[in-house]
Amino acid sequence: MHGHINNLVSKGVDYVFTFGPLGYLSQPAASYDADLFYLFVTWQIILGLGFSLLFFLMSAPLKSRIDKLVYFFLVIVVVSGAAVAPKHLLSVIAAVILALTLLPVVTQSAARYLLFGGLLWWLAMLSLTKFPNFILATIGVGSLGVVAWKTQSRRLAMTILGVFILFFISGWLLTGQSLLNLPVFLKNSLIMASAYSDTMGGGFNGFEIKFALVTLSGVTFMLILANGLKPFQLDRLMI
């Protein structure tokens, strides 16, 4: 394995990727492919709607107009301006957080069941785009299962895990992949990910530093507002 990793590092920046079956569709700047053009456009629309709806729903716990103003400013600046990979990872985290907030009330109505199922579908589809998304989504769904087991019921926990696995496997098969390819994908992705930083490192990027400073400034502004407004509320500070 170490020899293979060294071989990956020596190849340069053109060889090492950890895309899944939907990797091509998830890249807005992907090269043109006539056979996949309409599917590519459809998937970009789905992604855009999904991102917008997800981050809009995340604003529901915010009661203050100032909090919402700062939140949407950060969403527009940070999420819209981020590269594809960080945007996907942020949406995975947001989907897991939203699902966690729904857990206590998910059994109270069919609409909540559908929304929760939609979040699991979203996590499964993003898992098919790139290996890091798969790892993060799997950890997130596993956490959902543990919380559901402890706070709700074992049946709900097993249902959450089963539905996610069903969505993932269905997506894998619908893309024309064999289930026998799944262990190969995981094994090769682990090998490539272990050498990814050394292989794909691009050096200093001034834009990323400025981007981080803008984000940090926005978060600091929200903390000042949360502490300055009376009465003090811990949940405002945490959000």
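The line from CG of Leu39 to CD of Gln44 is 10.0 Å long, rounded to the nearest 0.5 Å. With rounding to the nearest 0.5 angstrom, the CG atom of Leu53 is 12.0 Å from the OG atom of Ser91. Between atom CE of residue Met158 and atom CD1 of residue Ile165 there is a gap of 8.0 Å, rounded to the nearest 0.5 Å. Distance check: Leu128 CG to Asn133 CG gives 10.0 Å after rounding to the nearest 0.5 Å.
Summarising the local packing, CZ of Phe56 is surrounded by 12 or fewer heavy atoms from other residues, nucleotides or ligands at distances under 6.0 Å.
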side-chain contact (heavy atoms from CB on, under 4.5 Å) for Phe131 and Phe185? Distances and angles first, verdict last.
CA-CA 9 Å; Phe131 181 68; Phe185 165 70; 4.2 Å; yes

Begin with the C-alpha distance, continue with both residues' side-chain angles, and end with the deciding distance and a verdict on side-chain contact (heavy atoms from CB on, under 4.5 Å) for Leu126 and Leu47.
CA-CA 10 Å; Leu126 287 182; Leu47 276 182; 4.2 Å; yes

Test log, rule side-chain contact (heavy atoms from CB on, under 4.5 Å), inputs Leu119 and Leu102
CA-CA 10 Å; Leu119 292 172; Leu102 281 174; 4.0 Å; yes

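Under the rule for a side chain to side chain contact (heavy atoms under 4.5 Å, CB included), the partners of Leu100 that lie at least two apart in sequence or sit in another chain are Val96, Leu103, Leu144, Val147. The side chain to side chain contact (heavy atoms under 4.5 Å, CB included) check on Ile93 picks up Ile97, Leu136, with sequence neighbours excluded. Qualifying side chain to side chain contact (heavy atoms under 4.5 Å, CB included) partners for Ile45, counting only residues two or more places apart in sequence or in other chains: Val41, Leu49. Residues passing the side chain to side chain contact (heavy atoms under 4.5 Å, CB included) test with Ser153, sequence neighbours excluded: Arg155, Leu156. Not counting sequence neighbours, Ser127 has no partner by the side-chain hydrogen bond (donor to acceptor under 3.5 Å, both in side chains) test.
Counting heavy atoms from C-beta on, the side chains of Thr138 and Ile135 never come closer than 4.5 Å. No side-chain heavy atom of Thr129 sits under 4.5 Å from any side-chain heavy atom of Phe19. Put simply, the side chain of Phe164 does not reach to within 4.5 Å of the side chain of Trp121, judged on heavy atoms.
Among all heavy-atom pairs drawn from Ala148 and Ile160, the shortest one is CB-CD1, 3.8 Å. Nearest heavy-atom pair across Leu161 and Gly142 is CD2-CA, 4.2 Å.
Counting only residues at least two apart or on different chains, the ring-ring contact (aromatic ring centres under 6.0 Å, His included) pairs with a member in residues 133-152 are Phe134-Phe168. For residues 34-53, every residue pair satisfying the ring-ring contact (aromatic ring centres under 6.0 Å, His included) rule, not counting sequence neighbours, is listed here: Tyr24-Phe40, Tyr32-Phe37, Phe51-His88, Phe51-Trp122.
The closest donor-acceptor contact from the side chain of Thr101 to the backbone of Leu98 lies under 3.5 Å.
Cluster annotation: Leu123 and Leu166 are assigned to distinct hydrophobic clusters (Ile/Leu/Val/Met/Phe/Trp/Tyr, side-chain heavy-atom contacts under 4.5 Å, transitive). Hydrophobic clustering places Leu120 together with Ile139 (ILVMFWY residues linked when any side-chain heavy atoms are closer than 4.5 Å, directly or through intermediates).
Under the 4.5 angstrom side-chain criterion for Ile, Leu, Val, Met, Phe, Trp and Tyr, Leu114 has no cluster partners at all.
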Kindly list each side-chain donor-acceptor pair under 3.5 angstrom involving residues 173-182, sequence neighbours excluded, with atom names and distances?
from, atom 1, to, atom 2, distance (Å)
Thr175, OG1, Gly171, O, 3.3
Thr175, OG1, Trp172, O, 2.6
Gln177, OE1, Asn181, ND2, 3.2
Ser178, OG, Leu180, N, 3.1

